*Asks:* 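I am attaching a structure below and will ask some questions about it afterwards.
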Amino acid sequence: MSEETIVEIPFDQLDSDDSIRDQTDDSGLDSLGDNIESNGLLHPLRVFAKADGRFGLLTGSRRKEAMQMKGRKSARSEEHTSELQSHHD
């Protein structure tokens with residue numbers, strides 16, 4: 001069973017290499033960033049706390065990249081504590 005908590009995570013504390021996304025496609029990141037600026041972040045990033053005090057990214061790598069392109073330094077994130085974490089420890 002998993003529990004989620006919404007937190008604001010600074011990007012410099014977030015390790016994107018833990019993302020479950022297999023492929024990176026940069027097309028459309030600028031328009032995604034514009035959409036997030038206009039409408040806000042509709043779906044938070046999904047992250048998990050790591051043993052070293054940092055966070056691993058489960059989902060939202062494109063949203064994170066788009067927000068960074070627009071100068072954002074952090075994002076609203078859903079922190080998961082569950083069996084998902086064991087796949088990344």
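Numbering starts at 1 and runs along the sequence shown. A quick note: this is a predicted structure, and the numbers were derived from the prediction, not measured.
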*Asks:* Report the residues that fulfil side-chain hydrogen bond (donor to acceptor under 3.5 Å, both in side chains) with E78, sequence neighbours left out, ordered by chain and then residue number.
*Replies:* H80
*Asks:* Can you list the residues that meet the side-chain hydrogen bond (donor to acceptor under 3.5 Å, both in side chains) rule with R72, with sequence neighbours excluded?
*Replies:* none
*Asks:* Starting at CD of Q68, measure out to OG of S16 and round the result to the nearest 0.5 Å.
*Replies:* 6.5 Å
*Asks:* Show every donor-acceptor pair shorter than 3.5 Å between a side-chain atom in residues 35-45 and any protein atom, with sequence neighbours excluded, or say none if there are none.
*Replies:*
unit_1: N35; atom_1: OD1; unit_2: N39; atom_2: ND2; d: 3.3
unit_1: S38; atom_1: OG; unit_2: D34; atom_2: O; d: 3.1
unit_1: N39; atom_1: ND2; unit_2: N35; atom_2: O; d: 3.4

*Asks:* Could you pull out the closest heavy-atom pair between A75 and S77, with the gap in Å?
*Replies:* O-OG, 3.0 Å
*Asks:* Distance only, no hydrogens: is a donor on one side chain within 3.5 Å (strictly under) of an acceptor on the other, for E8 and S74?
*Replies:*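 Yes.
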*Asks:* Looking at every non-hydrogen atom in both residues, tell me the closest pair between I9 and V7 and how far apart they are.
*Replies:*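 Closest pair (atom of I9, atom of V7, distance): CD1-CG2, 3.5 Å.
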*Asks:* Return the minimal non-hydrogen interatomic distance between L14 and G56, and the atom names on each side.
*Replies:*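 Looking at all heavy atoms of both residues, the closest pair is CD1-C, 4.0 Å.
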*Asks:* Between atom CG of L58 and atom CZ of R46, what is the distance when rounded to the nearest 0.5 Å?
*Replies:*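 Here the rounded value is 6.0 Å.
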*Asks:* Should the pair K64 and F11 be classed as cation-pi, given the thresholds of under 6.0 Å to the six-membered ring centre and 45° from the axis?
*Replies:* yes
*Asks:* Check this for me, if you would: do D30 and K70 make a salt bridge, where the nitrogen-to-carboxylate-oxygen distance has to be below 4.0 angstrom?
*Replies:*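 K70 and D30: salt-bridged.
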*Asks:* What residues, two or more places apart in sequence or in another chain, satisfy side-chain hydrogen bond (donor to acceptor under 3.5 Å, both in side chains) together with Q13?
*Replies:* none
*Asks:* A side-chain contact here means heavy atoms from C-beta on lying under 4.5 Å apart; do F48 and E79 qualify?
*Replies:*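 When only atoms from C-beta onward are counted, E79 and F48 do not touch, as no gap falls below 4.5 Å.
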